[in-house]
Engineer: 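Have a look at the structure that comes next, please.
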Protein chains: 2
Amino acid sequence: MSPMNTNAQGLLELRLTSHDRFGQRERDLLSGLSWRIEDLPARRIFIHEGDRPAQSCLIVSGAVVRSQYTAEGQRQILSVHIPGDMPDLQSLHIGRMDHDLETVSAARVAFVPHGELHRLCAASTHLNAAFWRESLIDAALHRAAIFRNAQLDADARLAHFLCEMQLRHSAVGLVDADGFDFPLSQELIGEVLGLTIVSINRASQTLRARDLIRMQKGHIQVLDWDGLVRYAQFDSSFLHLRLGDEVLAAAS
Amino acid sequence: MSPMNTNAQGLLELRLTSHDRFGQRERDLLSGLSWRIEDLPARRIFIHEGDRPAQSCLIVSGAVVRSQYTAEGQRQILSVHIPGDMPDLQSLHIGRMDHDLETVSAARVAFVPHGELHRLCAASTHLNAAFWRESLIDAALHRAAIFRNAQLDADARLAHFLCEMQLRHSAVGLVDADGFDFPLSQELIGEVLGLTIVSINRASQTLRARDLIRMQKGHIQVLDWDGLVRYAQFDSSFLHLRLGDEVLAAAS
DNA sequence: CGAAGTATTGACTTGTTTCAATGTTAGTGG
DNA sequence: CCACTAACATTGAAACAAGTCAATACTTCG
């Protein structure tokens, strides 16, 4: 298990190099980025629907959700983002935000100007491909969410979501023998899965009764990875992770 | 209303230039692409989950769906694609397909090798950005689907889907005063919206009774655009279309 | 004409929501 | 250290939207 990397540039390298082995040139280009670090409190909407950001962000610590709202103000969480994610890469090429970005817990977020990213992509087709790929994996996560929310019942839906969270936390070294910290309340998980807090509560009881997981306030532990995967019909390939041995070991 | 363009290169230019005004250089690069045209029958899976395509495709005519399957073989349609769409752009930078591509009706599809697209993107940052943007709009469609399927009831869900289809068909000049041809059966629409054929049938009756749409086998006409938009809580901005006046006029 | 695909309808069942009450936990200030 | 508070978790009962099952009708096409 690699130590958790709380440094923006290190997290980004970890992410981008999980697919491509970069040369020194790419490393130098990356290290030339000027990050502006911001520490945000919990429940802070820091990018709003309709905004036209001139920068993208990287989550360094904490959790962030993307959300859209109904006319009645009911929130739908579109995706959950954890350290290492760049949840607004799309603003590089689509001016207008079609959703909000909001912290769940207190979070450290690093911002980098679009201009610098554009220059980077123009300077290196490798880096261009790596960032593009990040945004494509984002779309793959969306597809998995559409499948999950439409095809699985409440219990399996929660199981599927927890499988995804376990793997994505593993990939950034945030899972240890006790599991991982996860700040979403049952209410928020409900807003991810299109279920009410009551259903989430009952689903989590089912999974706990089957000894698949442990789930306490702010912390999740997968007790039976294979069982959970089976229960959730979870196919990890959509994450398009190149998981190292240590990650797979931690996951099981 | 522009005449329908059944030529691959013309469709692609129409799409890419809806955001960026290209110079002659970009036009020349695009016209250098060597398309292989294929005419496919209805219900043909032409790219399978797990494939590693060496080419991307552009839909010239007909309709195509992306789908994933449950363990029991139940299909979830992730998105619906129409002429002008490039539904497997992601294979440019993510090797493995995480879903199938299948024709609904007979369809004409144009294929172009990844190598040529990579060369194009390396040769022009404008074209690189344009293709990247296409894949980002794809992700935006996914987000709208997550929202729609989780937050709207059966009637509104169908209305929302029809709003999206009307606008996307408009953008490629496929809508006239009588509406547009649309080959998805009620059963398939159900697989898009996460509903059964029975619910789709009843939802379509609701919308017809309110004089919002006409919906006959293979053809859809929006009778009251504003009413349909209101009923669906539809916000067209997620499509990130730069709609010309003629498109907006046709839509309303 | 027959056959296959598609659309429609009604009766019944079920998973999830809604509503409402109660329990638990962590943090705050007296 | 305990009382107080707010957020979060849990439980039960009733209501409801959508699913399931099953029969019937319409359309298209060989």
Side-chain angles (χ1 to χ4, degrees), chain A residues 41-43 63 65 70 72-77 103-106 148-162 181-209 213-220 231, chain B residues 41-44 63 65 70 72-77 102-106 148-162 181-209 213-220 231:
Chain A
R43 293 156 191 262
V65 295
T70 63
E72 299 83 35
Q74 176 68 38
R75 174 173 57 184
Q76 175 64 36
I77 295 180
T103 60
V104 174
S105 54
R148 176 189 70 203
N149 292 358
Q151 292 295 337
L152 306 180
D153 66 18
D155 295 349
R157 225 183 281 184
L158 177 60
H160 193 281
F161 176 65
L162 294 179
D181 289 326
F182 192 63
L184 268 72
S185 64
Q186 295 187 352
E187 175 131 44
L188 286 190
I189 295 175
E191 292 181 24
V192 176
L193 302 181
L195 295 166
T196 58
I197 181 176
V198 176
S199 295
I200 298 297
N201 189 281
R202 287 172 178 146
S204 80
Q205 288 178 49
T206 305
L207 300 184
R208 280 177 286 172
I213 61 160
R214 223 176 278 174
M215 202 173 158
Q216 306 132 40
K217 199 186 182 114
H219 198 85
I220 284 167
Y231 197 88
Chain B
R43 295 157 190 261
R44 165 70 53 87
V65 295
T70 63
E72 298 84 35
Q74 175 69 38
R75 173 173 58 183
Q76 175 64 35
I77 295 180
E102 176 176 0
T103 59
V104 174
S105 53
R148 175 190 69 203
N149 292 358
Q151 293 294 336
L152 305 180
D153 66 19
D155 296 348
R157 225 183 281 182
L158 177 60
H160 193 282
F161 176 65
L162 294 179
D181 289 326
F182 192 63
L184 267 72
S185 65
Q186 294 187 353
E187 175 131 44
L188 286 189
I189 294 175
E191 291 181 26
V192 177
L193 302 181
L195 296 166
T196 57
I197 182 176
V198 177
S199 295
I200 298 297
N201 188 281
R202 287 172 178 145
S204 79
Q205 287 177 50
T206 304
L207 300 184
R208 279 176 286 172
I213 60 160
R214 223 176 280 174
M215 201 173 158
Q216 306 132 39
K217 198 181 182 117
H219 198 86
I220 285 166
Y231 196 87

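Note on naming: letters A, B, ... go to the chains in the order of the sequence lines (proteins, then strands), and numbering restarts at 1 for each one.
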Engineer: Side chains of F161(A) and I200(A): closer than 4.5 Å at any heavy-atom pair?
Structural biologist: no

Engineer: Would you check if there is a donor-acceptor pair between the side chains of R208(B) and S204(B) at a distance under 3.5 Å?
Structural biologist: yes

Engineer: Rounded to the nearest 0.5 Å, what separates atom CG in L158(A) from atom CD1 in I189(A)?
Structural biologist: 6.0 Å

Engineer: Return yes when atom CD of Q205(A) has more than 12 non-hydrogen atoms of other residues, nucleotides or ligands closer than 6.0 Å, and no otherwise.
Structural biologist: yes

Engineer: So, R157(B) side chain and L152(B) main chain: donor-acceptor pair closer than 3.5 Å or not?
Structural biologist: yes

Engineer: Test Q151(A) against every option in E72(B), R75(B), Q76(B) by the side chain to side chain donor-acceptor pair (under 3.5 Å) rule and name the one that passes.
Structural biologist: Q76(B)

Engineer: dC8(D) C1' sits how many Å from H219(A) NE2, rounded?
Structural biologist: 18 Å

Engineer: Yes or no on side chain to side chain contact (heavy atoms under 4.5 Å, CB included) for L188(A) and V104(A), after CA distance, side-chain angles and deciding distance?
Structural biologist: CA-CA 9 Å; L188(A) 286 190; V104(A) 174; 3.7 Å; yes

Engineer: From the 5' end of DNA chain C to its 3' end, which nucleotides mark the outer limits of contact with chain A, defined by a 4.0 Å heavy-atom distance cut-off (strictly under)?
Structural biologist: dT16(C) to dC19(C)

Engineer: Would you tabulate the pairs of protein nitrogen or oxygen atoms and nucleotide nitrogen or oxygen atoms of nucleotides 27-30 of chain D closer than 3.5 angstrom?
Structural biologist:
none

Engineer: With sequence neighbours excluded, tell me which residues meet salt bridge (charged side-chain N to carboxylate O under 4.0 Å, His left out) with R148(A).
Structural biologist: E164(A)

Engineer: How many angstroms lie between atom OG1 of T196(A) and atom CG of N201(A), to the nearest 0.5 angstrom?
Structural biologist: 9.5 Å

Engineer: May I ask you to list the residues of residues 194-202 of chain B, by number, that have any heavy atom positioned under 4.0 Å from an atom of DNA chain D?
Structural biologist: G194(B), L195(B), T196(B), V198(B), S199(B)

Engineer: I need the CD-P distance between Q74(B) and dG19(D), as an integer number of Å.
Structural biologist: 11 Å

Engineer: Going by number, which of residues 182-189 of chain A have a non-hydrogen atom under 4.0 Å from DNA chain C?
Structural biologist: none

Engineer: Does the side chain to side chain contact (heavy atoms under 4.5 Å, CB included) test come out yes or no for I213(A) and L162(A), once each step is laid out?
Structural biologist: CA-CA 9 Å; I213(A) 61 160; L162(A) 294 179; 3.7 Å; yes

Engineer: Just N and O in the side chain of Q216(B): are any of them under 4.0 Å from OP1 or OP2 of dC26(D)?
Structural biologist: no

Engineer: Which dot-bracket notation, 5' to 3', represents the base pairing of DNA chain C when pairs are defined as Watson-Crick or G-U with both distances under 3.5 Å, crossing pairs as [ ], and inter-strand pairs as |?
Structural biologist: ||||||||||||||||||||||||||||||

Engineer: Rounded to the nearest 0.5 Å, how far does CD of E102(B) lie from CD1 of I77(B)?
Structural biologist: 7.5 Å

